[in-house]
Colleague: 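Pasting a structure below so you can have a look.
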Amino acid sequence: MKKLVYLFLFITSTSFSQSQFKLISKLKSEATFFTSDNQSNVYLVKENELTKFDKTGKQLYKFSNKNFGNIDFVDASNMFKILVFYKNFSQVVFLDNTLSLTGDPVSLDKIGFEQTQLVCTSHNSGMWLYDLQNFELVRLDQNLEKTQQTGNLNVLLNVDLQPTNLLEYDNKVYLNNPSTGILI
C-alpha cells in the first residue's frame with residue numbers, strides 16, 4: 001500500500017504558539033513511512049529503499065538492498081548507527097550517517113529468533129527485539145549475546161499482546177500495544 005507523504009519542516013522558538021512556526025521546506029513523496037533523527041534529518045522509506053533528507057528537504061543519501069525485501073522499520077535515534085529491519089527475512093542491517101552499510105547483516109533467525117516481530121536500537125550498540133514465539137522482549141548486546149529478557153509478557157501482564165512499535169529512550173523500553181496502550 002502506497003501512502004503519499006507530505007512533510008513540512010518547521011523552525012520554531014521555545015514557544016509552541018502557531019505564530020512562531022516558519023515553513024522552511026516541503027517534501028512531497030510517495031512513501032510507506034518516514035522517521036527522523038535528533039538533527040532534523042528525515043528518512044523516507046518506499047518499499048526496499050531508504051532516502052535521507054536534511055532539514056531543508058535536500059536529498060542527501062539513498063540505500064537499497066533488494067535481497068531482503070521491503071523495509072519494515074528504521075530506527076534513526078542514533079544517526080551514526082541507523083538500524084534497518086526487514087521482518088519477512090528476519091534481517092537487521094546497520095548504516096552510518098551516509099546510509100552506507102556498517103558490518104554484516106544480522107540474521108536473527110540464525111541466532112535463535114525465528115519470529116521477531118519488532119526491533120529497535122539500544123544503548124552501547126545493542127538492540128531490543130520482541131520475540132513473538134516466546135512473547136518476550138530480549139536485549140542483545142553488540143556481540144549479539146542476550147543481556148536481558150522479560151519472560152512471557154502475555155502471562156506476566158495477563159494481556160493479549162499484539163505490539164506495533166518498540167523504542168528505547170532514556171533508559172526505558174516502550175512497547176506499543178494498541179489494545180492496552182504503551183507499556184514501559
Colleague: State which residues pass salt bridge (Lys or Arg N to Asp or Glu O under 4.0 Å) with Glu114; sequence neighbours excluded, sorted by chain then number.
Modeller: none

Colleague: As an exercise, state the distance from OH of Tyr174 to OH of Tyr169, rounded to the nearest 0.5 Å.
Modeller: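 Reported to 0.5 Å precision, the distance equals 8.0 Å.
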
Colleague: Check Val93 against Pro105 and note the closest heavy-atom contact, atom names and distance.
Modeller: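 That would be CG1-CB, 3.8 Å.
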
Colleague: Compare every heavy atom of Leu44 with every heavy atom of Ala31, then report the nearest pair and how far apart it is.
Modeller: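 That closest heavy-atom pairing would be CB-CD2, 4.2 Å.
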
Colleague: Name all pairs fulfilling the ring-ring contact (aromatic ring centres under 6.0 Å, His included) condition that reach into residues 99-141, sequence neighbours left out, sorted by first residue then second.
Modeller: none

Colleague: Out of curiosity, Asn65 CG to Phe89 CZ, how far, rounded to the nearest 0.5 Å?
Modeller: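 Going from the CG atom of Asn65 to the CZ atom of Phe89 covers 10.0 Å.
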
Colleague: In chain order, what residues pass the side chain to side chain contact (heavy atoms under 4.5 Å, CB included) check against Phe80, with sequence neighbours excluded?
Modeller: Asn78, Asn97

Colleague: Are Leu132 and Leu108 connected, step by step, through hydrophobic side chains (Ile, Leu, Val, Met, Phe, Trp, Tyr) whose heavy atoms are closer than 4.5 Å?
Modeller: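 Different clusters.
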
Colleague: Taking only residues two or more places apart in sequence, or in another chain, which ones meet Lys62 in a salt bridge (Lys or Arg N to Asp or Glu O under 4.0 Å)?
Modeller: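 In terms of salt bridge (Lys or Arg N to Asp or Glu O under 4.0 Å), with neighbours along the sequence ignored, Lys62 is linked to Glu49.
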
Colleague: Lys87 versus Thr116: any side-chain heavy-atom pair under 4.5 Å?
Modeller: no

Colleague: Any side-chain heavy atom of Leu95 sitting closer than 4.5 Å to one from Leu101?
Modeller: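 Touching, per the 4.5 Å side-chain cut-off.
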
Colleague: Donor-acceptor check, side chain of Asn124 to backbone of Gly126, threshold 3.5 angstrom: yes or no?
Modeller: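 The answer is no, because no donor-acceptor pair under 3.5 Å joins these two groups.
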
Colleague: Do Leu156 and Leu183 sit in one hydrophobic cluster, given that two such residues count as connected whenever their side-chain heavy atoms are within less than 4.5 Å of each other, even indirectly?
Modeller: yes

Colleague: Think Lys81 forms a cation-pi with Phe94, using NZ or CZ under 6.0 Å from the six-ring centre and within 45 degrees of its axis?
Modeller: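 Output yes; distance and angle both within limits.
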
Colleague: Holding to side chain to side chain donor-acceptor pair (under 3.5 Å), I want the full list of residues that pass it with Asp141, two or more places apart in sequence or in another chain.
Modeller: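 Scan of Asp141 (side chain to side chain donor-acceptor pair (under 3.5 Å), adjacent residues dropped) gives none.
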
Colleague: Any heavy-atom pair between the side chains of Val119 and Leu83 that's under 4.5 Å?
Modeller: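 Side chain of Leu83 against side chain of Val119, heavy atoms only: contact under 4.5 Å found.
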
Colleague: Can you list the residues that meet the side chain to side chain donor-acceptor pair (under 3.5 Å) rule with Ser107, with sequence neighbours excluded?
Modeller: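 Side chain to side chain donor-acceptor pair (under 3.5 Å) check on Ser107 returns Gln91, Asp109.
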
Colleague: For the CG atom on Asn67, are there more than 12 heavy atoms of other groups (residues, nucleotides or ligands in this structure) within a distance under 6.0 Å?
Modeller: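 It does: Asn67 CG has more than 12 such atoms within range.
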
Colleague: Would a 4.5 Å heavy-atom cut-off, applied to side chains only, mark Leu118 and Asn165 as touching?
Modeller: no

Colleague: Is the shortest side-chain heavy-atom distance between Leu99 and Leu50 below 4.5 Å?
Modeller: yes

Colleague: Going hydrophobic residue to hydrophobic residue with side-chain gaps under 4.5 angstrom, can you get from Leu167 over to Val84?
Modeller: no

Colleague: Partners of Asp160 by side chain to side chain contact (heavy atoms under 4.5 Å, CB included), sequence neighbours excluded?
Modeller: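 Checked Asp160 against side chain to side chain contact (heavy atoms under 4.5 Å, CB included); matches are Asn154, Gln162.
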
Colleague: Who pairs with Tyr86 by ring-ring contact (aromatic ring centres under 6.0 Å, His included), at least two apart in sequence or on another chain?
Modeller: Phe68

Colleague: Quick one, Leu137 and Gln149 - any side-chain contact, counting heavy atoms below 4.5 Å?
Modeller: no

Colleague: Going by the rule side chain to side chain donor-acceptor pair (under 3.5 Å), which residues pair with Asn134 if we only count those two or more places apart in sequence or in a different chain?
Modeller: Asp131

Colleague: Contact between Glu30 and Lys46 at the side-chain level, heavy atoms closer than 4.5 Å - yes or no?
Modeller: yes

Colleague: Which residues pass the side chain to side chain donor-acceptor pair (under 3.5 Å) test with Thr121, not counting sequence neighbours?
Modeller: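 Counting only residues at least two positions away or on another chain, Thr121 forms a side chain to side chain donor-acceptor pair (under 3.5 Å) with Asp75, Ser77.
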
Colleague: Would you indicate whether the side-chain heavy atoms of Val74 and Phe85 approach each other to under 4.5 Å?
Modeller: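 SC-SC contact between Phe85 and Val74 ruled out.
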
Colleague: Starting at CG of Leu144, measure out to CD1 of Ile111 and round the result to the nearest 0.5 Å.
Modeller: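 Result: 4.5 Å between the selected atoms.
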
Colleague: Could you pull out the closest heavy-atom pair between Glu47 and Thr32, with the gap in Å?
Modeller: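 Smallest interatomic distance, heavy atoms only, reads N-OG1, 3.3 Å.
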
Colleague: Find the distance between OG (Ser36) and NZ (Lys55) and round it off to the nearest 0.5 Å.
Modeller: 12.5 Å

Colleague: Check whether Val92 and Ile71 end up in the same hydrophobic cluster, where Ile, Leu, Val, Met, Phe, Trp and Tyr are linked by side-chain heavy atoms less than 4.5 Å apart.
Modeller: no

Colleague: Whether the Thr102 and Asp96 side chains hold a donor-acceptor pair (N or O, under 3.5 Å, no angle test) is what I'd like checked.
Modeller: no

Colleague: Test of understanding: with side chain to side chain contact (heavy atoms under 4.5 Å, CB included), list the residues that count as partners of Ser179, not counting sequence neighbours.
Modeller: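 Asn177.
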
Colleague: Let me confirm one number: the OG-CZ distance from Ser29 to Phe53, rounded to the nearest 0.5 Å.
Modeller: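 If we round to the nearest 0.5 Å, Ser29:OG and Phe53:CZ are 6.0 Å apart.
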
Colleague: To the nearest 0.5 Å, tell me how far Leu129 CG sits from Glu136 CD.
Modeller: 8.5 Å

Colleague: For Glu168 versus Cys120, what's the shortest heavy-atom pair and its separation?
Modeller: N-SG, 3.7 Å

Colleague: Using the rule that Ile, Leu, Val, Met, Phe, Trp and Tyr join whenever any side-chain heavy atoms are under 4.5 Å apart, tell me whether Leu140 and Val106 fall into a single cluster.
Modeller: yes

Colleague: As a quick check of understanding, evaluate side chain to side chain contact (heavy atoms under 4.5 Å, CB included) for Tyr61 and Thr51, giving each step before the final call.
Modeller: CA-CA 6 Å; Tyr61 306 104; Thr51 308; over 6 Å; no

Colleague: Counting neighbours of CG on Asn143 that are heavy atoms of other residues, nucleotides or ligands and sit closer than 6.0 Å, is the number greater than 12?
Modeller: yes

